[in-house]
Amino acid sequence: MATEEYLSKFIASGKRYHELPDRFRVTVSEEEWRRRVKDYCIIRGYSWVASAAQTACSEQDYYEELMRHYRSQKRLFPYHLGEYVCRQMRLSPFRYYTSILVDSMKEDAPYDSIPNFTAADIVRIIGIGRNEYIAVMVQAKSKKLMWRMNRGIVKDLLPQSPLNIQIDPWWVVHVVNLQEGEYRQLDPTEATVCHIAARPGGARYADLNGMAVRQLYQRGLVWLEVPVRPEDHLSIPPLEGFVSNKTSGSTAADPLETLLYQIFVAASDRVTVGKLADILNVDVPTLRIAISMACRLRFCRKLDVGDDGSTMGSPTALAGPTGQLDLDAMLRSVDLGVEPPLESAHEGTAASSGGSGIAFVVDAEVTGYLMMGALTPNCKKHSVTLFEGGRVYGAEVIAELIEELHASVAMSEGFEGEMKNLVAYARSLALVLECVRACAGGRPIELLRKESLASMPAPQAFRILSHSYGAVLPITSLAFPPLPLSNARPESPVNYGPTPAAQTPWLQLLLYSSTGAGPASLVLAAGQQLRRLPAELDAGGATHALLWPWDAAAVRAQNLPIIVERQFLLYTLNEHLARTAVLVQPLALPGGDGGRGGASGSHSQLTDAPSLVTIDVPLPLAPSPAAAVQAGRQQQQQDTDQPGHGAAQQPEGSGSGWNPFEDAPAAGSARGSSSTNAAQASSSSALPERAVGYFPDGESQEVALPPGLASALQRLGLGRSLGFVRLLQQPRAGGGSGGSSESAWLPLALWLGMPMAPSPLCHAVCNAALAADFLDAPARAAQREGQAALTAALAEVASRYGACSTGFAGGSRDDDLGSYVDRPTRNLRFASGVLSPADDLAPVLDGALLLTAAAAS
């Protein structure tokens with residue numbers, strides 16, 4: 001394996017065979033070396049002139065082999081090699097794509113076997129999409145005998161000439177090597193066009209006779225170049241005409257497709273091509289090839305060209321494929337457009353060195369709901385853009401999406417069953433986007449799909465996030481690992497979601513110990529096997545148990561917690577402990593439907609969901625209604641004592657249009673006034689004892705918070721965080737104080753981010769976020785400080801009871817962007833409000849702890 005890596009490095013550096021070290025020449029013959037060099041360059045689509053391929057084979061052999069490889073893999077036409085492929089080989093995109101269609105139809109392959117971008121270019125050039133492909137196949141198979149004898153008949157059923165494609169004025173026209181007979185058949189206008197286009201560098205389409213160019217293109221006598229310069233600015237419009245053919249291995253077969261998807265996520269009208277290459281960590285010429293292809297397919301637009309093809313605010317000379325770019329100068333220059341002014345000096349270095357946009361991050365589940373057929377066509381258009389391109393951005397586009405979501409909700413109010421989830425997600429998404437837009441202060445808002453960053457290395461994904469965004473708000477249901485952000489880096493966006501450690505049971509243990517309350521819990525380290533259940537799990541009243549694995553992917557758990565019946569608990573624990581540590585919580589749950597339908601988002605994997613009653617309290621915690629009324633009365637009395645103060649009660653921006661949060665508490669309606677600040681200060685001094693929570697079905701109820709919960713959230717830096725804390729109902733023995741029969745609630749778990757379901761919970765979190773103006777400068781600074789405090793508290797707990805992460809880190813400067821989380825190295829028990837080691841479990845355990853054994857070895 002090491003030999004292969006070294007050989008690849010030698011090929012990339014352009015070494016010849018005689019320049020290899022002796023030990024490598026012994027293992028690889030010269031003929032094998034030439035084959036490796038040629039294959040390496042062909043797979044990457046390199047030009048023969050500018051690569052090591054010229055040392056391995058002739059130019060003609062190289063390009064013939066390259067086109068055979070491209071055709072077999074159904075790759076995009078190599079427009080960047082048009083100087084040889086189009087000019088000398090006389091191969092046009094129309095002929096190339098026709099051969100791909102014929103090959104696929106001969107093999108009776110489905111339309112989905114054609115990669116996405118290749119299929120999109122075929123539609124643009126030939127006009128054959130999914131329906132046309134199926135129609136041609138049906139027509140060919142109807143000629144039964146001819147189809148069995150000669151499947152090549154499909155070629156006669158395909159179009160015989162290319163479509164009249166759209167050509168932008170700034171595209172460059174080149175002429176192929178004409179034969180004498182072809183030249184004699186040209187009319188005077190066409191001959192003039194050919195003379196001009198035959199000059200070095202070609203000629204712009206705007207400077208030529210458009211009709212003559214199109215006639216020459218139809219006959220394959222000219223080819224088109226889409227020039228892209230390092231100083232160009234780009235925009236990604238909503239994807240229209242995209243073909244979704246998800247084929248396994250298609251992106252791996254064509255590196256250009258992988259780069260195109262990364263461009264969809266990272267490109268912005270505030271970033272030049274040269275800066276984008278630095279963000280994506282690719283060389284500028286390769287990125288220009290990919291952007292040229294995206295512009296050709298209409299999935300990308302250049303912003304610095306006029307309708308006549310002239311450039312605006314940039315040099316007029318077209319940069320060649322080997323044009324040099326001073327990246328250092330570009331990084332020093334201010335080329336990110338006009339950004340909104342900073343609200344205060346609290347922004348500091350982080351704001352000046354990072355991005356200014358606001359990203360709301362969703363997952364594939366939300367995207368899938370939005371792509372269902374019950375929404376409006378324009379809403380589905382944006383959903384396809386989010387699914388394929390990875391994000392939706394632009395003020396007008398976001399505004400249109402919000403309007404379409406509201407229209408879809410109004411149109412779908414009568415839905416029942418599973419379709420209600422579709423309406424709920426559409427409503428929640430509209431609410432969140434409007435909340436973010438109301439708090440963004442004019443900064444750009446983007447809707448980002450997490451999976452679009454999953455295939456990128458963590459440093460590359462961090463560069464994209466830090467350059468484009470100043471704050472990132474994910475949904476609470478994002479799967480592990482979280483986004484690669486680091487609070488220790490000043491340029492990192494403010495993260496309103498969890499850190500890696502906060503997505504593990506470490507956060508629950510920290511919450512329980514800080515609050516002094518929580519369900520009885522037992523932590524079992526990985527690598528052990530249970531002979532029998534420990535006493536606390538085998539108690540007579542325990543009927544079920546909640547399992548929270550440290551590594552949910554290792555045990556293939558998609559929904560947490562896992563609810564297991566007692567008779568299956570021993571087997572399930574041993575299965576899980578072979579792969580990961582587990583937090584176990586015994587519960588005495590009655591069967592049937594006596595409760596409110598189970599834990600929201602939790603599904604039993606071994607039994608029907610029992611009546612586990614939970615309620616979700618939105619964060620940040622709001623004061624109880626009685627406390628809010630009392631604070632309002634006190635502030636009103638203060639206002640009456642201050643003459644002329646009433647003029648300051650008008651909220652800023654009132655009358656600016658419809659606000660979906662106008663039914664929010666009074667504290668949110670005047671978030672910019674001094675009275676509101678005083679009320680908030682008054683309420684913060686008296687932490688809330690009661691709050692309104694939401695059941696999984698969306699019904700609300702005011703509950704008494706566990707004693708110490710509000711103060712614990714403040715100490716852990718979660719006082720300004722968005723999300724919700726889930727409380728578990730525990731009936732009180734003998735009733736509540738003062739003869740009350742109210743049930744007691746214990747903290748069960750905490751999620752950070754924006755919940756999407758149920759919709760009333762999402763609305764409540766949006767109200768709290770709007771009231772706190774969570775995106776202004778002081779709030780973002782407080783969020784960054786709070787997350788630093790939470791990270792330190794989690795690290796302290798993990799270091800006390802878990803393995804030291806420095807022993808497993810690779811020592812890289814990007815370790816802080818990784819998703820490694822310390823695992824417990826000893827068994828723990830939480831009981832009576834105290835977290836302590838459980839060293840008395842030896843009689844029921846076999847085996848050795850995985851991490852302890854690894855450290856000893």
Side-chain angles (χ1 to χ4, degrees), residues 1-91 96 177 200-201 225 230 249 251-259 262 274 277-278 280-290 292-293 319-328 457 459-460 810-812:
M1 187 65 181
T3 301
E4 294 294 330
E5 294 178 359
Y6 277 113
L7 290 176
S8 297
K9 292 180 179 180
F10 292 149
I11 295 174
S13 61
K15 288 185 178 296
R16 298 175 179 266
Y17 182 76
H18 67 273
E19 297 174 342
L20 298 179
D22 295 340
R23 61 190 181 95
F24 289 102
R25 288 205 301 269
V26 172
T27 59
V28 179
S29 64
E30 185 172 2
E31 181 179 356
E32 174 68 12
W33 172 256
R34 292 178 182 272
R35 186 190 63 79
R36 285 173 177 266
V37 171
K38 184 172 68 172
D39 292 344
Y40 179 91
C41 297
I42 286 177
I43 291 175
R44 289 158 179 78
Y46 290 161
S47 168
W48 181 85
V49 176
S51 69
Q54 58 183 326
T55 67
C57 60
S58 65
E59 186 175 18
Q60 181 178 354
D61 292 342
Y62 175 78
Y63 282 110
E64 289 178 353
E65 181 66 25
L66 181 142
M67 294 312 300
R68 281 194 294 268
H69 172 78
Y70 269 55
R71 180 173 171 177
S72 65
Q73 297 294 328
K74 300 182 177 65
R75 293 179 59 167
L76 283 162
F77 182 80
Y79 293 100
H80 62 289
L81 304 177
E83 188 64 33
Y84 190 94
V85 174
C86 296
R87 184 190 297 276
Q88 298 190 40
M89 295 181 65
R90 297 292 301 272
L91 179 61
Y96 172 76
N177 291 341
E225 177 191 359
T251 56
D254 191 352
L256 186 61
E257 287 208 9
T258 303
L259 185 54
Q262 295 178 0
D278 184 49
L280 296 178
N281 196 26
V282 298
D283 58 277
V284 177
T286 301
L287 183 63
R288 291 164 64 184
I289 292 172
S292 175
M293 179 63 72
T322 59
Q324 298 297 317
L325 175 67
D326 185 0
L327 284 178
D328 292 336
Q460 181 180 1
S812 170

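Quick caveat: nothing in here was measured; it's all calculated off a predicted structure.
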Might you point out which heavy atoms bring [X] and [Y] nearest each other, and give the distance in Å?
| X | Y | result |
| --- | --- | --- |
| Tyr70 | His80 | OH-CE1, 4.3 Å |
| Tyr62 | Cys57 | CB-SG, 3.6 Å |
| Tyr46 | Ser51 | CB-CB, 3.8 Å |
| Leu66 | Gly45 | CD1-CA, 4.4 Å |

In the structure I gave you, are the side-chain heavy atoms of [X] and [Y] within less than 4.5 Å of one another anywhere?
| X | Y | value |
| --- | --- | --- |
| Trp48 | Tyr84 | no |
| Ile289 | Leu259 | no |
| Leu7 | Trp33 | yes |
| Ser292 | Glu225 | no |

(message) Can you confirm whether more than 12 heavy atoms, excluding those of Glu19, are under 6.0 Å from its CD atom?
(response) yes

(message) Can you tell whether the side chains of Arg34 and Glu30 come within less than 4.0 Å, N to carboxylate O?
(response)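 Salt bridge present between Arg34 and Glu30.
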
(message) Between Glu65 and Arg68, does any side-chain N to carboxylate O distance fall below 4.0 Å?
(response)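 Counted as a salt bridge, because a side-chain N and a carboxylate O are separated by less than 4.0 Å.
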
(request) Enter the distance from Lys9:NZ to Lys15:NZ here, rounded to the nearest 0.5 Å. (result)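 Output value for this atom pair is 12.5 Å.
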
(message) Once rounded to the nearest 0.5 Å, what's the spacing between atom OH of Tyr63 and atom CG of Leu91?
(response) 13.0 Å

(request) Please report the C-alpha distance between Glu32 and Arg36 in whole Å, then the side-chain angles of each, then the deciding distance to 0.1 Å, and finally whether the salt bridge (Lys or Arg N to Asp or Glu O under 4.0 Å) criterion is met. (result) CA-CA 6 Å; Glu32 174 68 12; Arg36 285 173 177 266; 3.4 Å; yes

(message) Strictly distance-based, threshold 3.5 Å: is any side-chain N or O of Arg288 a donor or acceptor partner for the main-chain N or O of Pro230?
(response) no

(request) Check whether any side-chain N or O of Arg75 sits under 3.5 Å from a backbone N or O of Asp254 as a donor-acceptor pair, and report yes or no. (result)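 The answer is no, because no donor-acceptor pair under 3.5 Å joins these two groups.
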
Distance-only donor-acceptor pairs under 3.5 Å for side chains of residues 37-44, two or more places apart:
from: Asp39; atom 1: OD2; to: Arg35; atom 2: NH1; distance (Å): 2.9
from: Arg44; atom 1: NH1; to: Tyr40; atom 2: O; distance (Å): 3.2

(message) Looking only at the side chains, is there a donor atom on one of Glu59 and Gln88 sitting less than 3.5 Å from an acceptor on the other?
(response) no

